[in-house]
Amino acid sequence: PPPPPPLFFSTPTRQPQIPLRLVGSEMCIRDSGPSPCFDSLRHLAWPTSSWVIQATIKTAGQCLLLSKRSGPLMKYTRVLLKLSGEALMGSQGYGIDPAIVHSIAEDVARVVASGTQLAIVVGGGNIFRGLKGSAAGMERATADYVGMLATVMNAITLQDGLERAGVPTRVQTAIAMQEVAEPYIRRKAMRHLEKGRVVVFGAGCGNPFFTTDTTAALRAAEINADVVFKATKVDGVYDKDPAQHPDAVKHDHLSYQDVLSGELGVMDATAISLCKENNIPIVVFDLFEPGNIGKAVAGEPIGSRIGNPA
């Protein structure tokens with residue numbers, strides 16, 4: 001049979017156009033340079049099809065094997081998905097709906113199988129919301145700490161659902177609780193992502209008075225995410241609440257300043273400002289439409305996009 005088409009890869013510290021050699025169902029690279037150490041490889045596109053290639057190290061510094069996996073090519077390499085606690089409870093009035101967790105896990109599994117690195121920040125409003133506790137008379141800082149613990153409960157539940165769907169997952173928390181989760185360490189989180197694991201960030205940013213939306217923007221900047229996806233109960237950003245106003249108008253594109261000056265309430269001002277300063281776009285879409293997470297990662301025009309003008 002004719003030889004397969006040539007494949008190449010490049011890394012930031014090496015000359016580009018290093019060839020790959022097909023070995024059975026895998027591809028093999030051997031380092032002939034003076035230093036037998038390759039940088040992390042995220043994914044490559046097979047030139048003649050929609051296959052995606054995920055790199056793994058076989059023996060330290062000597063050989064990289066890249067297995068072929070089928071799936072749609074995604075627009076983004078590393079993304080952060082923000083899930084609200086309320087989304088996890090579905091139509092229930094409180095707690096976690098297992099069917100919602102299963103649906104999210106299936107969508108995330110398909111995205112990860114395509115080669116995209118995915119991190120998640122989850123809220124805790126389905127169990128406890130700090131602002132409501134504060135309004136009921138609790139000290140605000142205390143109420144926020146209780147809310148952080150609620151996000152950890154959701155994070156561990158998501159981890160279980162994702163791993164039952166076949167997705168290796170790690171939970172990292174901003175408040176140390178080593179018996180159930182890893183502490184948040186930026187470089188370790190990025191290494192998990194490079195290995196194809198999903199990282200779920202719990203306990204917010206570890207400080208009261210900051211929302212999980214702000215945590216999502218902060219973690220996205222820290223891990224160098226390409227985009228923040230905010231999965232909600234509505235299909236985008238409207239000029240007013242569509243549940244109360246049938247004439248509400250949906251915005252397909254907004255600038256950061258539009259959101260800040262219009263007080264649209266999609267995310268708090270601190271989160272929007274963080275994304276603006278780091279030029280991280282935000283895509284808001286409906287979580288309950290099956291396959292929407294994959295569509296968003298593939299760059300399909302769903303929901304509303306917030307970012308700098310093109």
Legend entry - Electrostatic pair Lys230-Asp213, nearest N-O below 4.0 angstrom: yes
Inset, instruction - Verify the ring-centre separation between Phe128 and Tyr94: is it less than 6.0 angstrom? - result: no
Legend entry - Asp239 bridged to Lys250 by N-O distance under 4.0 Å: no
Inset, instruction - Before giving the answer on side chain to side chain donor-acceptor pair (under 3.5 Å), spell out for Thr212 and Thr215 the whole-Å C-alpha distance, their side-chain angles and the decisive distance to 0.1 Å. - result: CA-CA 5 Å; Thr212 49; Thr215 301; over 6 Å; no
Inset, instruction - Please step through side-chain contact (heavy atoms from CB on, under 4.5 Å) for the pair Val79 and Leu81, ending with a clear verdict. - result: CA-CA 6 Å; Val79 305; Leu81 174 66; 5.6 Å; no
Inset, instruction - Check whether more than 12 heavy atoms from other residues, nucleotides or ligands sit under 6.0 Å from atom NE2 of His245, and answer yes or no. - result: yes
Legend entry - Within 6.0 Å of NZ in Lys233, more than 12 heavy atoms from elsewhere: no
Inset, instruction - Spell out, as yes or no, whether a donor-acceptor pair under 3.5 Å connects the side chain of Gln172 to the backbone of Glu182. - result: no
Inset, instruction - Indicate yes or no for a side-chain donor-acceptor contact from Ser273 to the backbone of Ala269 under 3.5 Å, with no hydrogens or angles considered. - result: yes
Legend entry - Donor-acceptor pair, side chain of Asp258 and main chain of Leu254, under 3.5 angstrom: no
Legend entry - Side-chain H-bond candidate by donor/acceptor type, Lys276 with Gln257, under 3.5 Å: yes
Inset, instruction - Go through the side-chain N and O atoms of Glu277 and Tyr256 and say whether any donor and acceptor fall under 3.5 Å apart. - result: no
Legend entry - Donor-acceptor contact present, side-chain Asn292 to main-chain Asp286, <3.5 Å: yes
Inset, instruction - Verify, without hydrogens or angle tests, whether Ser304 (side chain) and Gly236 (backbone) share a donor-acceptor contact under 3.5 angstrom. - result: no
Legend entry - Closest non-hydrogen atom pair, Leu274 against Ala217: CB-CB, 3.8 Å
Legend entry - For Pro168, side-chain contact (heavy atoms from CB on, under 4.5 Å) partners two or more places apart: Arg197
Legend entry - Path from Met89 to Phe288 over hydrophobic side-chain contacts below 4.5 Å: no
Inset, instruction - Flag this pair as yes if the NZ/CZ of Arg170 is under 6.0 angstrom from the six-membered ring centre of Phe201 and inside a 45 degree cone about the axis; otherwise no. - result: no
Inset, instruction - Return yes if some donor-acceptor pair links the side-chain N/O of Asp226 with the main-chain N/O of Tyr76 below 3.5 Å, else return no. - result: no
Legend entry - Short side-chain to backbone donor-acceptor contact, Asn126 and Gly95, under 3.5 Å: yes
Inset, instruction - Treat each ILVMFWY residue as a node, draw an edge where side-chain heavy atoms are under 4.5 Å apart, and state whether Met148 and Leu158 are in one component. - result: no
Legend entry - Co-membership, hydrophobic cluster, residues Ile302 and Leu83, 4.5 Å side-chain: yes
Inset, instruction - Answer yes if the side chains of Asn308 and Ser255 hold a donor-acceptor pair under 3.5 Å, and no otherwise. - result: no
Inset, instruction - Could you walk me through whether Asp97 and Gln92 pass the side-chain contact (heavy atoms from CB on, under 4.5 Å) test, one step at a time? - result: CA-CA 7 Å; Asp97 185 345; Gln92 301 176 172; 4.0 Å; yes
Inset, instruction - Supply the atom-to-atom distance Ile120 CD1 to Ile293 CD1, rounded to the nearest 0.5 angstrom. - result: 7.5 Å
Inset, instruction - Following the transitive rule for hydrophobic clusters with a side-chain heavy-atom cut-off under 4.5 Å over Ile, Leu, Val, Met, Phe, Trp and Tyr, establish whether Tyr238 and Leu264 coincide in one cluster. - result: no
Inset, instruction - Would you kindly confirm whether Tyr145 and Leu218 end up in one hydrophobic cluster when ILVMFWY residues are joined by side chain heavy atoms under 4.5 Å apart? - result: no
Legend entry - Under the ring pair (Phe, Tyr, Trp, His ring centres under 6.0 Å) test, residues paired with Phe210 that sit two or more places apart: none
Legend entry - Side chain Thr169, main chain Val167, donor-acceptor under 3.5 Å: yes
Legend entry - NZ/NE/NH1/NH2 to OD/OE distance under 4.0 Å, Arg305 and Asp252: no
Inset, instruction - Return yes if some donor-acceptor pair links the side-chain N/O of Asp268 with the main-chain N/O of Thr270 below 3.5 Å, else return no. - result: yes
